[in-house]
Amino acid sequence: MAQTTGAVSGAAAAVSVKIGASAYVDHSGWTQSVDATSASITNAEAYTFDGDNAIILLGKEEPVEVTVNFLYTEVSTELWELAETAFQAKSLVQVKWEPKGSSGKQIETLAGGYITNIVYPSVAADSAGPVVAAITVRAPGIGYAS
């Protein structure tokens, strides 16, 4: 089998966040990474006296958690200010990321998610590096589309 020629670099990804009923807003300019979780389906098994293997049954999809790591700013239209407000207000939130950039396929959390964890910015007097923050969105699942 020939080696793939379609590999994608995540360096050109696009990341957008949707809060409440608003439209998605592109936050790629200050997002560093998206740490996605594995999607899982509940399952159970049972054994019978006849046979050596379990009988496995599948149930519903489990919720997912997606963490967005980004640069902290104090600009009202940028991600920190919007995310912190949404966290405090317990607003509905969705995250969409496009590994190949805005011209590629998209992965997004399903509607009905919330920011369940927020990492407030840490600072250090001996650091010249940027201040970072993060949010974790817990959602009913993940969708994948063109």
Side-chain angles (χ1 to χ4, degrees), residues 1-46 53-146:
M1 176 180 271
Q3 186 175 28
T4 185
T5 59
V8 174
S9 168
V15 179
S16 301
V17 176
K18 177 180 178 181
I19 298 173
S22 67
Y24 274 106
V25 175
D26 185 350
H27 292 290
S28 303
W30 41 96
T31 301
Q32 290 184 302
S33 64
V34 175
D35 302 331
T37 186
S38 299
S40 299
I41 295 176
T42 59
N43 59 82
E45 70 274 341
N53 301 99
I55 296 169
I56 299 173
L57 299 175
L58 298 178
K60 299 182 182 235
E61 290 184 32
E62 294 181 351
V64 297
E65 291 185 339
V66 174
T67 300
V68 179
N69 302 288
F70 56 94
L71 300 179
Y72 168 81
T73 69
E74 295 181 354
V75 178
S76 64
T77 58
E78 293 186 1
L79 189 52
W80 170 257
E81 295 285 329
L82 298 173
E84 208 280 332
T85 300
F87 176 71
Q88 295 299 332
K90 298 180 173 97
S91 300
L92 290 168
V93 175
Q94 283 183 270
V95 177
K96 175 176 72 174
W97 63 104
E98 300 164 273
K100 195 174 177 179
S102 58
S103 64
K105 298 191 182 282
Q106 62 188 28
I107 305 163
E108 71 179 326
T109 58
L110 299 179
Y114 295 92
I115 297 173
T116 56
N117 182 280
I118 190 165
V119 177
Y120 284 86
S122 346
V123 294
D126 63 346
S127 174
V131 175
V132 296
I135 57 170
T136 298
V137 174
R138 185 170 172 87
I142 290 182
Y144 179 75
S146 298

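We're numbering straight along the sequence, starting at 1.
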Got a second to check how far [X]'s [atom1] is from [Y]'s [atom2], nearest 0.5 Å?
| X | Y | atom1 | atom2 | result |
| --- | --- | --- | --- | --- |
| T42 | L58 | OG1 | CG | 7.5 Å |
| E78 | H27 | CD | NE2 | 9.0 Å |
| I19 | I115 | CD1 | CD1 | 6.0 Å |
| E65 | R138 | CD | CZ | 5.0 Å |
| S76 | E81 | OG | CD | 7.0 Å |
| E62 | I41 | CD | CD1 | 9.0 Å |

So, for [X] and [Y], which heavy atoms are closest and what is the spacing to 0.1 Å?
| X | Y | answer |
| --- | --- | --- |
| A14 | S102 | CB-N, 3.9 Å |
| V131 | S122 | CG1-O, 3.7 Å |
| A54 | E45 | CB-CB, 3.9 Å |
| Y72 | P121 | CD1-CG, 3.4 Å |
| A13 | S28 | O-OG, 4.0 Å |
| D26 | V15 | OD1-O, 3.2 Å |

Taking the side chain as C-beta and beyond, is there a heavy-atom pair between L71 and Q32 under 4.5 Å?
yes
With side chains defined as the heavy atoms from C-beta onward, is the minimum distance between Y24 and V17 less than 4.5 Å?
no
Sort out for me which residue in V66, I118, V119 forms a side chain to side chain contact (heavy atoms under 4.5 Å, CB included) with I135.
I118
Main-chain N/O of T109 paired to Q94 side chain as donor or acceptor, under 3.5 Å:
yes
For the pair S22 (side chain) and K18 (backbone), establish whether a donor and an acceptor sit closer than 3.5 Å, ignoring hydrogens and angles.
no
Among D35, T67, T37, exactly one meets side chain to side chain donor-acceptor pair (under 3.5 Å) together with T136. Which residue is that?
T67
For I107 and V34, what are the C-alpha separation, side-chain angles and deciding distance, and is it a side-chain contact (heavy atoms from CB on, under 4.5 Å)?
CA-CA 11 Å; I107 305 163; V34 175; over 6 Å; no
Please indicate whether Q88 has more than 12 foreign heavy atoms, meaning atoms of other residues, nucleotides or ligands, lying under 6.0 Å from its CD.
yes
Using the six-membered ring wherever Trp is involved, compare the ring planes of W80 and F70 and label them parallel, tilted or perpendicular (cut-offs 30° and 60°).
tilted
For side-chain contact (heavy atoms from CB on, under 4.5 Å), just list the numbers for T31 and N69, CA-CA rounded to whole Å, side-chain angles, deciding distance to a tenth of an Å, and then say yes or no.
CA-CA 6 Å; T31 301; N69 302 288; over 6 Å; no
